[in-house]
Amino acid sequence: MEVVILSGNKAIAALAAGAVEALLRRKPAAVLGLATGSSPLPVYDELALRHERAGLDFSRVAAFTLDEYVGLPHGHPESYREVIKREFTERVNIDPANVHCPDGAAADVPDACRAFEDAMRAAGGVDLQLLGVGTDGHIGFNEPGSSLASRTRIKTLIEQTRRDNARFFGSLSKVPHHVVTQGLGTILAARHVILIATGAQKATAVRDLVEGPLAAICPASVLQLHPHATVLVDEAAASSLRLADYYRHSYENKPSWQEL
Ligand code: GLP
């Protein structure tokens, strides 16, 4: 796992967007894994800018989103399908037919989860997965206690996560209790994972996921098993890391030929 401590959102966005750009130049038909939440938004802004100003081309890209609420009707402004469209995919030239989201409004949710996994497999798997992290250490919507080998499935939200996300719905009572999410095993299968965390409210989750034991109580700690996981954090999110100086030293002395 590579931990990079940066000055803030601008530097994080530049580095993550740079990794996406390098991937697309190497593999124009790459498969991206997209996260919602506020953490990746600066990356989406930077990618939209590179598309607009420098013609960064997404025409052959496929995308898979991480998760979705169960029970919100298609078209609901807070459904992650709509959020990802608004925040990213409609700002670049991805073919909307190539954007796949777990379907939380399906009549048969388990069947929709299987179809989502099948589509991901048929696309050749995810090349680069962007991730945020919840204050309780969840990735996607894999709450503490999630199976480390899980695949896309229905989950029940912890109240803390409902409270964290109530700001998008106006009131806690409107936040659904159920969600569908890529599993931890699904996320682990991505070839490169970039997790972004900013702000002091993420410091405990970042410490636990990077330096804590590999344990379902911190689902993001499963990334310790990933052969190519990058964690991009600002100073506040890095403030509880024991080995912060070592991560800084490693990054400052990183060989110039080595990409993220
Ligand atoms: C939600 C999403 C996660 C996201 C998390 C953190 O629960 N399902 O994918 O990582 O929120 O969001 P934020 O980046 O806004 O802190």
Side-chain angles (χ1 to χ4, degrees), residues 6 8-9 12-13 16 32-46 63-72 76-89 100-104 113 116 126 128-146 150 152-169 172 174-184 186-188 190 193-210 218-223 229-234 236-238:
L6 294 155
N9 272 329
I12 290 174
L32 299 179
L34 302 176
T36 45
S38 36
S39 306
L41 294 181
V43 184
Y44 297 147
D45 289 343
E46 178 62 25
F64 288 82
T65 59
L66 266 179
D67 46 12
E68 181 58 285
Y69 293 104
V70 168
L72 297 184
H76 188 290
E78 290 313 323
S79 83
Y80 282 170
R81 185 189 292 267
E82 288 302 308
V83 171
I84 210 71
K85 198 197 291 176
R86 200 163 62 224
E87 301 292 358
F88 181 51
T89 57
H100 306 265
C101 309
D103 189 355
C113 292
F116 178 81
V126 171
L128 175 51
Q129 175 68 57
L130 291 172
L131 290 176
V133 63
T135 51
D136 64 0
H138 72 242
I139 49 177
F141 267 136
N142 292 279
E143 294 286 29
S146 289
S150 48
T152 305
R153 71 216 182 290
I154 193 162
K155 287 291 290 180
T156 304
L157 291 180
I158 279 181
E159 280 306 287
Q160 175 65 45
T161 303
R162 292 187 65 244
R163 279 196 296 276
D164 287 348
N165 290 357
R167 67 189 193 278
F168 299 110
F169 287 85
L172 179 60
K174 294 197 177 128
V175 184
H177 287 270
H178 294 105
V179 291
V180 279
T181 180
Q182 286 187 34
L184 295 173
T186 316
I187 294 168
L188 272 189
V193 171
I194 297 181
L195 183 146
I196 295 168
T198 54
Q201 74 283 6
K202 298 290 173 69
T204 304
V206 168
R207 182 199 60 203
D208 290 350
L209 88 91
V210 174
C218 177
S221 68
V222 78
L223 297 180
T230 307
V231 175
L232 304 181
V233 285
D234 66 1

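Just so you know, ligand 1 is whichever comes first in the structure, and atom 1 is the first atom listed for that ligand.
In this structure, Ala35 does not count as a contact residue of ligand 1, since none of its heavy atoms falls inside 4.0 Å of the ligand. A heavy-atom separation below 4.0 Å is not found between Arg162 and ligand 1.
Shortest contact from atom 14 (O) of ligand 1 to any protein heavy atom: Ser39 OG, 2.5 Å. Here the heavy atom of the protein found nearest to atom 12 (O) of ligand 1 is Gly37 CA, 3.9 Å. Protein heavy atom at the shortest distance from atom 4 (C) of ligand 1 is Thr36 O, 4.1 Å. Here the protein heavy atom with the shortest distance to atom 1 (C) of ligand 1 is Tyr80 OH, 3.6 Å. At the top of the distance list for atom 6 (C) of ligand 1, counting protein heavy atoms only, stands Val133 O, 3.5 Å. The closest protein non-hydrogen atom to atom 8 (N) of ligand 1 is Asp67 OD2, 2.7 Å.
Looking only at side-chain heavy atoms (C-beta outward), Val193 and Val126 stay at 4.5 Å or farther from each other. Contact of the Ile154 side chain with the Val179 side chain is not registered, since no non-hydrogen atoms from C-beta on lie closer than 4.5 Å. Counting only heavy atoms from C-beta outward, the side chains of Thr65 and Thr36 never approach each other to under 4.5 Å. When side chains are defined from C-beta on, Ile158 counts as touching Pro144, because their heavy atoms get closer than 4.5 Å.
Between the Arg207 side chain and the Lys202 main chain, no donor and acceptor come within less than 3.5 Å of each other.
Proximity to Phe141 (heavy-atom distance under 4.0 Å) selects the following atoms of ligand 1: 1 (C), 7 (O), 8 (N). Close approach of ligand 1 to Asn165 (heavy-atom distance below 4.0 Å) involves ligand atoms 1 (C), 7 (O).
In this structure, the ring of Tyr69 has its center no less than 6.0 angstrom from the ring center of Phe168.
One finds the CG atom of Leu209 at 11.0 Å from the OG1 atom of Thr204 (value rounded to the nearest 0.5 Å).
Below 3.5 Å of separation, one finds no N or O of Thr161 facing any N or O of ligand 1.
The closest side-chain donor-acceptor pair between Glu143 and Thr161 falls under 3.5 angstrom. No hydrogens or angles considered: a donor-acceptor pair under 3.5 Å links the side chains of Thr135 and Asp164.
Between His138, Lys202, Glu68, it is His138 that holds the heavy atom closest to atom 11 (O) of ligand 1. Counting only non-hydrogen atoms, the option in Ala220, Gly140, Gly132 that gets closest to atom 9 (O) of ligand 1 is Gly140.
Only side-chain heavy atoms of Arg167 come within less than 4.0 Å of ligand 1; its backbone N, CA, C and O stay farther off.
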